[in-house]
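First comes the structure, then the notes that go with it.
Side-chain atoms are counted along with the backbone in the values below, which use heavy atoms only and exclude waters and symmetry mates.
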Amino acid sequence: MKTITPTPESMSAVLANTPKGRPVVMLNLLKFREHAHYEGETSNLSGQEAYREYGRGAIRCIHAVGGEVVWSGKPTGTLIGPQDEQWDEVLLVRYPSIDAFLEMINSPEYKKIVHHRAAAMDDSRLMPMLQS
């Protein structure tokens, strides 16, 4: 199943299962559209170009709440997992807490740029992780 944005149910479950005040690293698995789609219209931008536009603004929002990009790269394949789930990019972003992440996604600055992410994505996964 392709997913681009969190559902209210998934957001509630994550908030219930993620302790407050602990650093969280968000695992982003990204699959880009061939052409970005803004409000149902195909763009001249590729999905990857639209995501780069989102990324330029997102990095400022991440830093504003004390977060940082930990790692970014391109997978070379899947050793264990569904072979139909191939990802174009993997991104790890560390936040001081789940509350910092929520502060970021609810900020006016983030809300101004998130449409680029939606236009760019064909499929994605976003998983908060705690250090064990």
Side-chain angles (χ1 to χ4, degrees):
M1 175 175 65
K2 293 184 178 187
T3 53
I4 309 260
T5 58
T7 64
E9 296 80 17
S10 65
M11 186 65 83
S12 292
V14 163
L15 293 176
N17 293 319
T18 307
K20 305 275 187 203
R22 286 190 58 192
V24 62
V25 173
M26 291 292 193
L27 168 64
N28 294 259
L29 302 176
L30 309 171
K31 175 75 174 165
F32 303 117
R33 292 180 178 166
E34 185 175 343
H35 297 283
H37 289 258
Y38 287 93
E39 296 186 26
E41 294 185 19
T42 302
S43 168
N44 290 332
L45 295 176
S46 70
Q48 191 168 19
E49 290 167 332
Y51 191 82
R52 297 291 170 248
E53 182 66 27
Y54 162 77
R56 282 190 281 279
I59 195 71
R60 290 188 297 272
C61 295
I62 291 166
H63 289 160
V65 298
E68 64 179 325
V69 174
V70 176
W71 188 87
S72 170
K74 181 173 177 50
T76 60
T78 300
L79 291 174
I80 299 174
Q83 292 301 304
D84 62 335
E85 279 195 9
Q86 299 296 315
W87 303 102
D88 296 321
E89 189 171 334
V90 176
L91 186 66
L92 298 173
V93 182
R94 183 191 172 283
Y95 296 92
S97 66
I98 194 69
D99 287 334
F101 171 75
L102 292 172
E103 179 184 342
M104 183 198 74
I105 65 171
N106 289 311
S107 72
E109 295 82 9
Y110 185 82
K111 289 180 179 185
K112 288 179 189 173
I113 60 163
V114 72
H115 69 284
H116 292 297
R117 184 185 187 284
M121 295 286 80
D122 180 54
D123 197 5
S124 66
R125 302 291 182 270
L126 181 62
M127 293 172 264
M129 304 178 300
L130 299 172
Q131 187 170 7
S132 49

Review point. Which class fits the ring pair Phe101 and Tyr95: parallel under 30°, tilted 30 to 60°, perpendicular over 60°?
Key: perpendicular
Review point. Just by modelled atom types, is the Phe32 backbone N or O under 3.5 Å from a matching donor or acceptor in the Asp122 side chain?
Key: no
Check your understanding: Does a donor on one side chain and an acceptor on the other come within less than 3.5 Å for Tyr38 and His116?
Key -> yes
**Study point:** Asn44 side chain near Glu49 side chain, heavy-atom distance below 4.5 Å
**Key:** no
Check your understanding: Counting heavy atoms not belonging to Gln83, are there more than 12 under 6.0 Å from its CD?
Key -> yes
Check your understanding: Between the side chain of Ser12 and the main-chain N/O of Glu9, is any donor-acceptor distance below 3.5 Å?
Key -> no
**Study point:** Min side-chain heavy-atom separation Leu102-Leu15 under 4.5 Å
**Key:** yes
Review point. Can you list the steps and then say if Leu126 with Met26 is a side-chain contact (heavy atoms from CB on, under 4.5 Å)?
Key: CA-CA 6 Å; Leu126 181 62; Met26 291 292 193; 3.8 Å; yes
Review point. Can you name the closest pair of heavy atoms from Asp123 and Thr3 and give their distance?
Key: OD1-N, 2.8 Å
Review point. Are side-chain heavy atoms of Gln131 and Pro23 found at a separation under 4.5 Å?
Key: no
**Study point:** OG-NZ distance between Ser124 and Lys31, expressed to the nearest 0.5 angstrom
**Key:** 12.5 Å
Exercise for review: State plainly whether one hydrophobic cluster holds both Met104 and Val93, where clusters connect Ile, Leu, Val, Met, Phe, Trp and Tyr through side-chain heavy atoms under 4.5 angstrom apart.
Suggested key: yes
Practice item. Can you see which heavy atom on Gly21 is nearest to which on Ser97, and at what distance? Key: N-CB, 4.0 Å
Practice item. Without swapping roles, check the side chain of Arg33 against the backbone of Met121 for a donor-acceptor pair under 3.5 Å. Key: yes
Check your understanding: Can you find a heavy atom in the side chain of Gln86 that is under 4.5 Å from one in the side chain of Thr78?
Key -> yes
Check your understanding: Are Leu91 and Trp87 joined in one hydrophobic group, where the rule is that I, L, V, M, F, W and Y side chains link up if heavy atoms are under 4.5 Å apart?
Key -> no
Point to revise | From His115 atom NE2 to His37 atom NE2, the distance as rounded to the nearest 0.5 Å | key: 15.0 Å
Check your understanding: Quick check: are there more than 12 heavy atoms from other residues, nucleotides or ligands sitting under 6.0 Å from CG of Asn106?
Key -> yes
**Study point:** Joint hydrophobic cluster, Met11 plus Val25, side-chain heavy atoms closer than 4.5 Å
**Key:** no
Review point. Is it true that Val90 and Ile4 fall in one hydrophobic cluster, defined by side-chain heavy atoms closer than 4.5 Å?
Key: no
Review point. Got Leu92 and Leu27 here, is their nearest side-chain heavy-atom distance under 4.5 Å?
Key: yes
**Study point:** Heavy-atom closest contact (Gly67 atom, Pro96 atom, distance)
**Key:** N-CD, 4.1 Å
Review point. Honestly curious: do Val24 and Trp71 fall in one hydrophobic cluster under the side-chain, below-4.5 Å linking rule?
Key: no
Check your understanding: Got a second to check how far Glu89's CD is from Tyr51's OH, nearest 0.5 Å?
Key -> 6.0 Å
Check your understanding: More than 12 foreign heavy atoms under 6.0 Å from NZ of Lys20: is that the case here?
Key -> yes
Practice item. Give, for atom NE2 of His35 and atom OG of Ser46, the distance between the pair rounded to the nearest 0.5 Å. Key: 8.5 Å
Review point. CD1 of Ile98 to CD of Glu103: how many Å apart, nearest 0.5 Å?
Key: 12.5 Å
Check your understanding: Nearest 0.5 Å, what's the CD1-CD1 distance between Ile105 and Ile62?
Key -> 12.0 Å
Check your understanding: Is a side-chain N or O of Arg117 found less than 3.5 angstrom from the main chain of Ile113, in a donor-acceptor match?
Key -> no
